[in-house]
Amino acid sequence: MERLLIIDGHSYAYRAFHAIRELHSLSGQPTNAIYGFIKMLAKLRATVVPTHWIVVWDGGLSAERMAALPEYKAQRAEMPEQMRPQLDEIVSYLDAARVASFCRDGIEADDVIACLARRAEGKDWETVIASADKDFMQLVSPRIGLFNPHDKTETIWTSEQVRNKTGVEPSQIVDWLSLMGDAVDNISGVPGVGPKTAADLLKQFGTVEKLFDGLEKVKSERLRAALLNAKDAVRRNRELVRLHNVECDFSVEAMAVKAPDMARLRELYSRWGFKTLMAAVEESMRGERQAALI
């Protein structure tokens, strides 16, 4: 069966940047994020064993979400100065490794990832999304799983892991996040409603709409009042949290796992000072030349 691995580019680049410190090329160029990303990508490939893969990058904030909530993601810190130039180098690596990479101005990576996953599901492919972003739990299905780098068991999450983590089904994740909010994205939820209360409400009512239709059944007067006051905010949150349909026209062939351009990789590894990786490439190239002589 075809298996598509979709990597959340910025998520893994940040993770690589913070995992490795003080790594530079001979010219003084910071290379910690580049090296960490390469190693993480190799580990992902070995774990997931995809037939197709693609790295998706954020192209900016969604205009639609910004219009609904001007302070959306406003609290996020600026990208570290030493990380910024490494992103272009990571893309150069992906090009040499012949790994598909996608970024479009004004489109958030989450929405592109959702589009690709849904299209693959429509083709009856398996899809694994590599990201720690909890928004992706809404996509989990029999054909779509999650690889969370924070999960040391390296389990590909199914609906079972989503239920264990949140107390709700994947189909309820949008409502769950809408009730409790998401501090990472600067989305405020219902005051006093955390993960457990949100899960309990959805177990009782099923959906946010049914909850608001039956508010009189909420026993706590304080909670009932908080929900009533936050009704419009929760409905707005649903549109913020729900992953949007966007264009993601990417050919199957472009995402297929291919042999890398070894000469180009050797050039990049040499420039970055990755001696061990460069030695491995040179050994592979020698093996290819010897095989050609047989």
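Bear in mind that the values here come from a model prediction, so they are computed numbers and not experimental data. The analysis underlying the following values was restricted to heavy atoms, covering all of them including side chains, and did not include hydrogens, waters or symmetry mates.
Electrostatic pairing of R65 and D110 does not count as a salt bridge here, judged by no charged N lying under 4.0 Å from a carboxylate O. The pair R163-E160 does not meet the salt-bridge criterion, since no charged nitrogen lies less than 4.0 angstrom from a carboxylate oxygen.
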Acceptor/donor pairs from residues 195-202 side chains to any protein atom, 3.5 angstrom cut, sequence neighbours excluded:
{"unit_1": "K196", "atom_1": "NZ", "unit_2": "D200", "atom_2": "OD2", "d": "2.9"}

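Defined by atom type and a distance below 3.5 Å, a donor-acceptor pair is missing between the side-chain atoms of N32 and Q82. Checking Q161 against T158 by side-chain atom types alone, a donor-acceptor pair falls below 3.5 Å.
Atom CG in L87 sits 9.0 Å away from atom CD1 in I34 (nearest 0.5 Å). If you take CH2 on W57 and OG on S11, they are separated by 10.0 Å, rounding to the nearest 0.5 Å.
Shown here are the ring-ring contact (aromatic ring centres under 6.0 Å, His included) partners of W157, two or more places apart in sequence or in another chain: there are none. In terms of the side-chain contact (heavy atoms from CB on, under 4.5 Å) criterion, residue partners of R98 (sequence neighbours excluded) are, by chain and number, K258.
For the pair I187/V241, a side-chain contact is recorded, criterion being any heavy-atom separation below 4.5 Å from C-beta on.
In this structure, D232 places its CG atom where only 12 or fewer heavy-atom neighbours from other residues, nucleotides or ligands lie under 6.0 Å away. Around CD of E71, the count of heavy atoms belonging to other residues, nucleotides or ligands within 6.0 Å exceeds 12.
Counting only distance, with no hydrogens or angles, the side chain of T127 and the backbone of I144 share no donor-acceptor pair below 3.5 Å.
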